[in-house]
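Heads up: the structure comes next, in structure tokens.
Every chain is numbered from 1, with letters handed out A, B, ... down the list of sequences.
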Protein chains: 6
Amino acid sequence: MSMERVREAADRIKRLEVQGATNVALTAMKALVEQMKASQVRDIDSALHEIAEAKEILFKSRETEPFMRNAIRYIEWGIARERWETTSQFHRLIHSLSEDLLNKFKEARDRIIEVGSKRVLDGSRVLTHCHSSAVSGILKVAKEKGVDFEVVLTETRPVYQGRITAREMLESGVRTTMIVDSAVRSFMTKVDLALVGADAITSEGNIINKIGTSLLALAAHEARTPFYVASELLKFDPQTIHGDYEAIEERSPEELWPQAPQELEIRNPAFDVTRRDYIHGIISEEGLISPHSIMEAVRRRYPWILEALGG
Amino acid sequence: MSMERVREAADRIKRLEVQGATNVALTAMKALVEQMKASQVRDIDSALHEIAEAKEILFKSRETEPFMRNAIRYIEWGIARERWETTSQFHRLIHSLSEDLLNKFKEARDRIIEVGSKRVLDGSRVLTHCHSSAVSGILKVAKEKGVDFEVVLTETRPVYQGRITAREMLESGVRTTMIVDSAVRSFMTKVDLALVGADAITSEGNIINKIGTSLLALAAHEARTPFYVASELLKFDPQTIHGDYEAIEERSPEELWPQAPQELEIRNPAFDVTRRDYIHGIISEEGLISPHSIMEAVRRRYPWILEALGG
Amino acid sequence: MSMERVREAADRIKRLEVQGATNVALTAMKALVEQMKASQVRDIDSALHEIAEAKEILFKSRETEPFMRNAIRYIEWGIARERWETTSQFHRLIHSLSEDLLNKFKEARDRIIEVGSKRVLDGSRVLTHCHSSAVSGILKVAKEKGVDFEVVLTETRPVYQGRITAREMLESGVRTTMIVDSAVRSFMTKVDLALVGADAITSEGNIINKIGTSLLALAAHEARTPFYVASELLKFDPQTIHGDYEAIEERSPEELWPQAPQELEIRNPAFDVTRRDYIHGIISEEGLISPHSIMEAVRRRYPWILEALGG
Amino acid sequence: MSMERVREAADRIKRLEVQGATNVALTAMKALVEQMKASQVRDIDSALHEIAEAKEILFKSRETEPFMRNAIRYIEWGIARERWETTSQFHRLIHSLSEDLLNKFKEARDRIIEVGSKRVLDGSRVLTHCHSSAVSGILKVAKEKGVDFEVVLTETRPVYQGRITAREMLESGVRTTMIVDSAVRSFMTKVDLALVGADAITSEGNIINKIGTSLLALAAHEARTPFYVASELLKFDPQTIHGDYEAIEERSPEELWPQAPQELEIRNPAFDVTRRDYIHGIISEEGLISPHSIMEAVRRRYPWILEALGG
Amino acid sequence: MSMERVREAADRIKRLEVQGATNVALTAMKALVEQMKASQVRDIDSALHEIAEAKEILFKSRETEPFMRNAIRYIEWGIARERWETTSQFHRLIHSLSEDLLNKFKEARDRIIEVGSKRVLDGSRVLTHCHSSAVSGILKVAKEKGVDFEVVLTETRPVYQGRITAREMLESGVRTTMIVDSAVRSFMTKVDLALVGADAITSEGNIINKIGTSLLALAAHEARTPFYVASELLKFDPQTIHGDYEAIEERSPEELWPQAPQELEIRNPAFDVTRRDYIHGIISEEGLISPHSIMEAVRRRYPWILEALGG
Amino acid sequence: MSMERVREAADRIKRLEVQGATNVALTAMKALVEQMKASQVRDIDSALHEIAEAKEILFKSRETEPFMRNAIRYIEWGIARERWETTSQFHRLIHSLSEDLLNKFKEARDRIIEVGSKRVLDGSRVLTHCHSSAVSGILKVAKEKGVDFEVVLTETRPVYQGRITAREMLESGVRTTMIVDSAVRSFMTKVDLALVGADAITSEGNIINKIGTSLLALAAHEARTPFYVASELLKFDPQTIHGDYEAIEERSPEELWPQAPQELEIRNPAFDVTRRDYIHGIISEEGLISPHSIMEAVRRRYPWILEALGG
């Protein structure tokens, strides 16, 4: 079967065996790279054709995964842009493009953690939601630096990702309190900072993140509590520039209530949209910036994200 | 042991075997009445003494239960106010006071259901949270009247009372959709009305209800969706007039995460406070009224709730 | 034909020959009184029966006319409450009830004008919408007192009632500026006060007035411009206590566009609902009061408006 | 010279030798009572005539002093309402009316302090502005009860009344921090409660207090910090019911800048108006109530404040 | 007479024979091009002189027409920047510049329609105001694509441009409802999207459009209804960068009331300013972007709009 | 002692003998330039070493002075970037860099004044706070142009900088009114524009200015009064990009109350942070721009401010 590695990765992503925007992006990119390395393409046309095929399979594996899609866009854009003539040159190019991208990932993440950790002050209390590796990274580094702070986190129904964050925080020695998602307004006036990750960023400057994030942002806004989003600009979704709505994945009703009565409709959207006006700042690889000018930052740092679209 | 019946009821209430403001109130009142009927008091002083003893036990069984407390206040107030001379007169008085109160309960509830059901319009969608017998009553009667509407409800963590409401709605033939608590903002622009019950009403016109209610109200306010509270004025807490904060019961951490790591602090407040400014109207036994003047309505309808305080 | 006078009045009201809450109320009451005076009722039962018949006809003539309905409720309530035994006593009672009511009308209006005129300050600019006899009365009296102020008013589509107000203001010597309805936000920061009348007041403290009033109130709120409503409490609609929505009359599409294309749907609601939170104060016969406690004021001043409902 | 005592008191009030709503009220009342005791009136007409004369002098001494005016209204109302026939009966009545009023003052203040002190929680920080004897009373009693809290207070330009409050707090052993008036927004998210007094309450439910109060309330609203006003309902200004604006006293430019350049206009309003919507509750002799229904509370507790107006 | 063609076009524009930002821009550009083609300029100085003369005439024809002004700026900028030596080269250059600009216009509009049409979802209701060729284009294309939606539109006083939009929508087979301008708040909770055009965009990110647009945006904001503006960045007014206020054209009082009383002042501003904070996104030739970063987008896409200013 | 001139300047800055962002920047730069001109550095390494030493001393002299820091960053960046080989070339380079910077300062200020003066309209009233040379410049030029306007200004506790502004305005012939800081809300509805300077701008688009500015901005927002900030982009603090909080200088308690009781804690922060959402526009050397895109403007105009950071 053609595209075997890619199909297998897409399946794992589809079955939610791979989770989290970063993991999905890395898995997809790795599969694409291996697939390409296994191929015998000799010219640009066949290369682009193969990549287009792989891209279609991977894009379909999850509704909203701009990080993964941007990774694939980067490979495709690099193939089309660089000069190469032989299969082995192609393989080397593929390899170097994937290394580049991994470096970009790593640099972006390191910078986010460095910048974000400065926002966590001594004696403060930070509220977070769900599990975000960027947020966990920020908080761990703040703790390592000796900042004395506490974390309040939601359990994050329906899949309880708050428990993962709780375990990470406790392992890092951070004093941690868990609440139900519904209690964020009650605890909002008792925290100094709200901090979440993101799954996608739109051209208007809104962010898409785990369901409940927009409620938390609204409650933070009501209480004048600074609300920050830690996210790579690599999560920018260029299709929103074209007017596309960011698709909101709807997951299995089973997650809510396995033995639900049959007639009951269960709606289980995994994400919601948080308005730029409720976001104090985006902690990104470009530093701490306003969400209102995010498209400009993406355009400057990752021009290929926007150029790729014309293709 | 003295006060046996009362103690036994208080225990059941404390162990959460009896739940819901109305059930707790009825159970406590019934126990008090039976206890008094079993007593041999002959004069007002001994009667008031006995009631004071029962009151103390029952008041301690739950932190915030103005409905139950008002029921006991009514009996106490009636005993002190009416003329009676013999034990049997006392027993008859106790009986008639409890009948009075049950009638007041019933009338209030009937009126709330009648008034509230008119607010549910044909072709509309109603969002609710947790389980409230008043809200369920309103929606069932609206359905019986032939109004064609749908219900969207939250699962209501940590104890999933939304499942109770869901079952009631489905049994009544209402098309019902369940969401996680975190999704209320996503669904707020798709509903026409938000409707919840209440556990207590304060002198400032705020309401105390299941944790998450204030978030829902905030999201309703943001979206200009009318937010109504269905509640008996009998749930008014006269102690708030005196400056007391309404105590917010904190329940077992087990409800959130039975196998939680030991170092994890879990906070599980059962209720939150919804500001009067986010409430379009209180659907009460006085009809549909503004929360801002609720103390005036209580004072007119149940003067003994306020008078009892002086005692 | 029975109820001839009443039917004739109801027809004129229905055909919009009689307009304005006050005129409609007076016309209906006059017709009812004449009809009753022409009747030969001898006992309370037949009297109430006749009134019920008249009431039905008049209530149907217009969807939302609490002022008119309250006038009829007053007569009915008076008949049922007073002692009378002969037809001539009945006629005298009818006469005196209608005189009472006219006096109440007059006193209320005089008080509103007196109170409201004090809110118009020297050197100020007042924005108004549509035509309201109460508002015009206030402004005329302020002018007569020598207050130097200007008026900005909307044309008030679709029927241009702003032209009536404009003529009245100019006749009173008030400097007057007219704008299209859409321009209220542009002029809001240039005025010191917004002042409108009302067609109905709900139990929640909201007011119903000419379409566009709620937009004006919203724009006033945005600009911190005080927004006042001049209205008799006699316009309180007791049915809203029972949960009924205030019906919003929909008028002829012809008013918008006589030669409209056939396939075009035209919606022409005559009124909208202004939230109590956008209203600084109600200028009423009880003086200047907060809309949030309006039901209490009605209950004290016109208990029969609420009592009548039981009937 | 007639009305000597009254004139002398009015002069001291005018020259600001007597300050604070309560002191002014007590001084004026005492002068009136003494003046009346020194008079030889024998009948109601001459009594009312004398009181009217004294009233005019005292009312003119300060623009906005509803507390003082209500005290005088009470005496006047009592004289007109009670039966008395001789001069000595008149003197006794005057005496007992003034005692009544002093008792009402005292009871009101005691209740406010009792209610308010319950709002100050252990471990909390309270922000206040200017000097208010009611607020100081609340805080002192809370301290005496053993509540562990801190106070943040403004210096309160131009006359630095914050220094008086600071001294009182320090004497009571309360940890106290002073800031400039401009810093209230910076400190708002670091406090748990904002608490101020009042000079007057309007029929719409707004309060008049030291200039800067409305800014503090606005900043509290922005930060979801509860903002409470401690005030006797005796400060209700019945003239606002009639549409009168509460006059805002303008004090000497000298207070701001003694050596100001001559061409500089200095505006020195002593008070501002805080909107009811920014006030969580009024701590009054009626307990903790919503400002929106304050007129109803006044009407019930002090009907003579409203009745006096008809006179 | 010199500048004949230009003068004639300017007159038609001034007399409102040419309407709509796009038509005015095209008419002015065409006249300028023809005038230049008819001229015998031989060098850059005389060319710039001629253009300056034409520019002055055309700029004066309408107060606020950044689209038209930018068109002229483009021609002027191109003449000064390109190398040419003979009259015929000049004529060819003029021709090619005008072709360029027409292409830019066309591309921009096509992109706006493509992007905007994706925002119109199946089963949705779109509210619009006035007539905008961009909005009509978006809606027609959405309909052609098979999207099933409805349109609600205002009549748009005083010149009823809503009727033009209504006819276009009906011709395209879109179900269309017309309301008075004052009814936008009543219908706001019944629509899913508000969509308008623009006449100008300022450097702060605000838009200028038909009077009433800012009210509609405010009502959309109050109801959390997404409010989008479809506009070419070519409508950006570079003079606002320099601090100039966007002039708001005031049109004839006759439009409001032909037979108005003489003493009546009529104010008829044609446009108002909508704050960037009420705008969810600008649908532009750069895709869907935030209004807050609009100047950056203009600077990147049309640098000559900003550069031209220095000249 | 090494770095004598620099140390001496740093001391004067520390002792507040030099005040105002611009003066501090000029003093520091001048000292640095003189120090460098007196040095005998021969190669880039020693030059950078010397500058680093001077930089450390100057940076420590004041907590938050981005303008001064950017000046030093510019010199450092220029030294590292240009080619030079001899000491005299170094001296010439130092000289020319400082001249460049002074020119940039001057151009920026001139442009701000030109742009800002267009925002002051005939017949308007402008509210300002503290003393800002940019604001004074704008107002003086507006006056010179013949614009007829008034100024309302705060005294600005604790150091009364409002008096400086008042004197400047009076000297320019502007009608000027002074109020206490607490009165800004009372006067907000009587002014047409609020205009202040800035000490620093953050990467999120917020501005840091004299304590009280954020309150004024909040009150302007509440009243829909446009609030503008006049500030050079040279005041942008690049460290905020990295997540650093802008440090808020805390000044001597003596400024508030020289004879304060010892136990009294006095907090005297000199600045506060104004949210970008309350700022209508920044009047800068890039013209009138939105605060949300300010980092993009800085990046384009002063790339060295951002590049310097890597060093």
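- In this structure, chain A has a heavy atom under 4.5 Å from the backbone of E:I279, while its side chain stays farther away.
- Checking side-chain atoms of A:S203 against main-chain N and O of E:L288 turns up a donor-acceptor pair under 3.5 Å.
- Between A:M295 and E:I289, some side-chain heavy-atom pair lies under the 4.5 Å cut-off.
- Atoms CD1 and CD, from A:I241 and E:E286 in turn, are 8.5 Å apart once rounded to the nearest 0.5 Å.
- Residue-environment remark: CZ (A:R251) exceeds the threshold of 12 foreign heavy atoms within 6.0 Å.
- Ion pairing between a basic and an acidic side chain is recognised when a charged N comes within 4.0 Å of a carboxylate O; E:R299 and A:E296 show no such pairing.
- Atom CZ of A:R300 and atom CZ of E:R300 lie 10.5 Å apart (nearest 0.5 Å).
- In this structure, the separation between CG on A:D277 and NE2 on E:H221 is 7.5 Å, given to the nearest 0.5 Å.
- Within a 6.0 Å sphere centred on NZ of E:K106, other residues, nucleotides and ligands contribute 12 heavy atoms or fewer.
- Under the 4.5 Å side-chain criterion, counting only non-hydrogen atoms from C-beta, A:H292 is not in contact with E:S293.
- Judged purely by atom type and a 3.5 angstrom limit, A:R276 uses its side chain to pair as donor or acceptor with the backbone of E:H280.
- Looking at E:I282, neither its backbone nor its side chain comes within 4.5 Å of chain A, counting heavy atoms on both sides.
- The closest side-chain heavy-atom distance from E:K118 to A:Y245 is not below 4.5 Å.
- The number of heavy-atom neighbours closer than 6.0 Å to CD of E:E99, taken from other residues, nucleotides and ligands shown, is above 12.
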